[in-house]
Amino acid sequence: RGINDNEPSCAFSPDNGVAAMAACYQRFDPAAYLQYNYTPPRADFERKDSIVPWKLACLHRAFTEGDVSGEVLVDIGSGPTLYQVLSACEVFNKVLLTDFLEVNRQELRRWLQDEGGCNMDWTPYLQHVCKLEGRRPSAWMEKAAKLRQAIADILPVDVHSPQPLAPDALPSGGADCLVSCFCLESVSPDLPAFTRALGHIGRLLRPSGHLLLIGALGESYYFGGPGVKIPVVPLNEGQVCDSLKESGFTLIRLEVYTLPQDMRVGVDDVTGVFFAKQRITLN
Ligand SMILES: C[S@@+](CC[C@H](N)C(=O)[O-])C[C@H]1O[C@@H](n2cnc3c(N)ncnc32)[C@H](O)[C@@H]1O
Ligand SMILES: O=S(=O)(c1ccc2c(c1)CN[C@@H](CF)C2)N1CCSCC1
């Protein structure tokens with residue numbers, strides 16, 4: 001079936017939402033997902049109003065304005081993507097990538113081992129972040145080497161578990177910083193589950209640690225592969241802020257990007273993207 005097939009792949013009832021969502025993700029296709037979201041025409045570095053430079057700029061600013069520091073950064077729900085840690089690896093010398101699916105962890109391992117077979121060329125992303133850092137774009141190979149050096153492990157994660165990572169995954173004090181992009185709202189059956197998952201990952205942080213959260217606004221589904229229609233919790237800015245507060249975070253900054261009409265191409269019904277920087281205050 002094509003990506004626009006309207007048959008829902010994951011129908012669930014209120015009492016088994018998390019289990020049904022996990023079953024849905026068994027059909028997730030990393031190569032298709034990368035193609036739908038991270039290659040042209042959707043991912044376009046030339047357009048001034050493109051989402052990709054906006055996202056990379058949000059992350060670059062967050063890691064360079066001086067309040068985020070430490071040893072260990074964890075990316076929650078990495079999927080098959082790396083853009084979300086390109087700025088982080090300049091600040092943290094231990095980066096942990098995580099995902100629920102082995103197929104995604106394998107995709108990340110292929111990039112890490114640099115022996116070919118990857119479904120994505122991250123060079124344009126590396127070059128763009130080098131530009132943001134005031135370096136020449138040809139420094140992208142050094143940056144790729146720095147990221148490979150910083151990635152300490154690629155681990156399983158489940159944000160619906162009160163203990164999302166294995167007990168020995170983090171130092172006893174917790175992580176210094178978390179990043180999570182397009183994960184919580186696209187793996188939760190409803191808003192309460194989204195908020196609970198925020199609480200679960202918040203408890204991975206040391207006191208006053210930071211969370212950088214990027215997510216979809218107004219999205220009710222996306223295609224995780226041909227005919228793999230995955231339901232998403234449609235969020236608005238107010239709900240994001242309320243859930244963060246309820247989960248023990250203090251918001252530092254919220255930025256919102258509205259998708260231009262021609263970027264709405266059928267692989268999802270996302271209308272906007274938020275970037276939220278916050279500190280945990282209840283740990
Ligand atoms: C929409 S993708 C986001 C991928 C990537 N972070 C990005 O920015 O594109 C959502 C990811 O969440 C993962 N996932 C699914 N269920 C999960 C769970 N219970 N806990 C954590 N991650 C989960 C999926 O395997 C998938 O890689
Ligand atoms: O970076 S995005 O905003 C983006 C990137 C990833 C995703 C979405 C959006 C929305 N659906 C998510 C499903 F969880 C995944 N982007 C959408 C416009 S073109 C480039 C990719």
Side-chain angles (χ1 to χ4, degrees), residues 10 17-30 32-45 47 49-56 58-59 74-86 97-108 120 125 154-161 163-165 178-189 193-194 196-198 200-201 204 212-225 228-235 256-275:
C10 316
V18 164
M21 190 58 89
C24 198
Y25 270 96
Q26 299 315 306
R27 300 178 60 218
F28 185 87
D29 176 344
Y33 177 77
L34 289 166
Q35 190 219 325
Y36 296 163
N37 290 294
Y38 292 101
T39 59
R42 282 200 107 192
D44 176 349
F45 288 88
R47 276 178 63 146
D49 62 349
S50 173
I51 175 79
V52 180
W54 179 85
K55 279 197 304 188
L56 296 175
C58 287
L59 290 162
V74 185
D75 178 33
I76 301 290
S78 306
T81 69
L82 287 163
Y83 72 91
Q84 63 271 26
V85 289
L86 297 183
L97 304 178
T98 72
D99 200 75
F100 183 70
L101 296 174
E102 175 58 17
V103 286
N104 284 327
R105 299 194 297 265
Q106 277 170 350
E107 177 68 25
L108 295 171
M120 179 75 190
Y125 291 76
I154 300 173
L155 301 171
V157 67
D158 181 356
V159 297
H160 299 309
S161 163
Q163 194 171 56
L165 297 172
L178 302 178
V179 173
S180 188
C181 302
F182 300 109
C183 179
L184 302 187
E185 71 278 9
S186 60
V187 307
S188 299
F194 170 84
R196 282 194 301 275
L198 259 181
H200 295 157
I201 67 171
L204 296 172
L212 307 181
L213 194 64
I214 292 181
L217 292 172
E219 183 174 50
S220 67
Y221 76 88
Y222 80 100
F223 281 91
V228 185
K229 189 170 185 178
I230 297 175
V232 178
V233 181
L235 296 171
V256 172
Y257 171 94
T258 301
L259 231 67
Q261 202 55 44
D262 66 332
M263 295 286 255
R264 303 182 193 188
V265 292
V267 293
D268 53 41
D269 62 349
V270 65
T271 59
V273 174
F274 68 86
F275 171 83

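For ligands, and for the atoms within them, numbers begin at 1 and follow the listed sequence.
Within the 4.5 Å cutoff, side-chain heavy atoms of Leu108 are placed close to those of Leu82. Side-chain contact check for Ile214 versus Lys55: some heavy-atom pair is nearer than 4.5 Å. Inter-residue side-chain proximity for Tyr257 and Cys58 is flagged as unmet; no heavy-atom pair is nearer than 4.5 Å. The side-chain heavy atoms of Tyr38 and Val52, taken from C-beta on, include no pair separated by under 4.5 Å. Using a 4.5 Å heavy-atom cutoff, the side chains of Val187 and Phe100 are not in contact. Looking only at side-chain heavy atoms (C-beta outward), Ile230 and Met21 come within less than 4.5 Å of each other. The shortest side-chain heavy-atom distance between Thr98 and Leu165 falls under the 4.5 Å cut-off. Counting only heavy atoms from C-beta outward, the side chains of Glu185 and Val232 approach each other to under 4.5 Å.
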Inset, instruction - Report the C-alpha separation of Leu198 and Leu213 in whole Å, then their side-chain angles, then the decisive distance to 0.1 Å, and conclude whether the side chain to side chain contact (heavy atoms under 4.5 Å, CB included) test is met. - result: CA-CA 10 Å; Leu198 259 181; Leu213 194 64; 4.2 Å; yes

Inset, instruction - Verify side chain to side chain contact (heavy atoms under 4.5 Å, CB included) between Val74 and Val157, making sure each step is shown before the conclusion. - result: CA-CA 11 Å; Val74 185; Val157 67; over 6 Å; no

Legend entry - side chain to side chain contact (heavy atoms under 4.5 Å, CB included) evaluation trace for Trp54 with Val273: CA-CA 10 Å; Trp54 179 85; Val273 174; 3.8 Å; yes

Inset, instruction - Please lay out, stage by stage, how Ser50 and Asp44 fare under the test side chain to side chain donor-acceptor pair (under 3.5 Å). - result: CA-CA 6 Å; Ser50 173; Asp44 176 349; 5.5 Å; no

Inset, instruction - Determine, stepwise, if the pair Ser78 / Arg105 fulfils side chain to side chain contact (heavy atoms under 4.5 Å, CB included). - result: CA-CA 8 Å; Ser78 306; Arg105 299 194 297 265; over 6 Å; no

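Between Phe28 and Tyr33, the angle of the ring planes lies from 30° to 60°, which puts this pair in the tilted group.
Of the protein's non-hydrogen atoms, the one nearest atom 20 (N) of ligand 1 is Val159 N, 3.0 Å. The shortest contact between atom 26 (C) of ligand 1 and any protein heavy atom is with Asp99 OD1, 3.6 Å. What sits closest to atom 19 (S) of ligand 2 on the protein, heavy atoms only, is Arg42 O, 3.0 Å. Closest to atom 9 (O) of ligand 1, if we only count protein heavy atoms, is Tyr33 OH, 2.5 Å. Of the protein's non-hydrogen atoms, the one nearest atom 16 (N) of ligand 2 is Ile51 CG2, 3.5 Å. Of all protein heavy atoms, the one closest to atom 11 (N) of ligand 2 is Glu219 OE2, 2.7 Å. Nearest to atom 5 (C) of ligand 1 among the protein's heavy atoms is Ser78 O, 3.1 Å. For atom 21 (C) of ligand 2, the nearest non-hydrogen atom of the protein is Asn37 O, 3.0 Å. Protein heavy atom at the shortest distance from atom 8 (O) of ligand 1 is Tyr83 OH, 2.6 Å. Atom 23 (C) of ligand 1 has as its closest protein heavy atom Phe100 CB, 3.3 Å. Of the protein's heavy atoms, Tyr38 OH, 3.3 Å lies nearest to atom 7 (C) of ligand 1. Of all protein heavy atoms, the one lying nearest to atom 15 (C) of ligand 1 is Val187 CG1, 3.3 Å.
Within the structure, ligand 2 has Asp268 among the residues with a heavy atom less than 4.0 angstrom away.
Of all the atoms in ligand 1, the ones that sit under 4.0 Å from a non-hydrogen atom of Val157 are 20 (N), 21 (C). Contact atoms of ligand 1 toward Asp158: 18 (C), 19 (N), 20 (N) (distance under 4.0 Å to a heavy atom of the residue). Below 4.0 Å from some heavy atom of Ser186 lie the following atoms of ligand 1, by number and element: 1 (C), 10 (C). Atom numbering of ligand 2 starts at 1 in the shown order; those under 4.0 Å from a heavy atom of Ser186 are 14 (F). Interface atoms of ligand 1 facing Leu101, defined by a heavy-atom separation under 4.0 Å, are 25 (O). Ligand 1 places these atoms under 4.0 Å from at least one heavy atom of His160: 19 (N). Listed by number with element, the atoms of ligand 2 under 4.0 angstrom from any heavy atom of Val273 are 3 (O). Under a 4.0 Å criterion applied to the non-hydrogen atoms of Tyr222, ligand 1 contributes the atoms 1 (C). Atoms of ligand 1 lying under 4.0 Å from at least one heavy atom of Gly79, given by number and element, are 4 (C), 27 (O).
Only the side chain of Lys55 comes within 4.0 Å of ligand 2, judged by heavy-atom distances. Using a 4.0 Å cut-off between heavy atoms, Tyr33 contacts ligand 2 through its side chain alone, with no backbone atom that close. Both the backbone and the side chain of Phe182 come within 4.0 Å of ligand 1, counting heavy atoms alone. Only the side chain of Tyr38 comes within 4.0 Å of ligand 2, judged by heavy-atom distances.
Nearest heavy-atom pair, Ser186 versus Tyr222, reported as atom, atom and distance to 0.1 Å: CB-CE2, 3.9 Å.
When Tyr36, Tyr222, Phe182 are ranked by how near their heavy atoms come to atom 4 (C) of ligand 2, first place goes to Phe182.
Ser220 pairs in a side chain to side chain donor-acceptor pair (under 3.5 Å) with only one of the listed residues (Asp268, Asp269, Thr271), which is Asp269.
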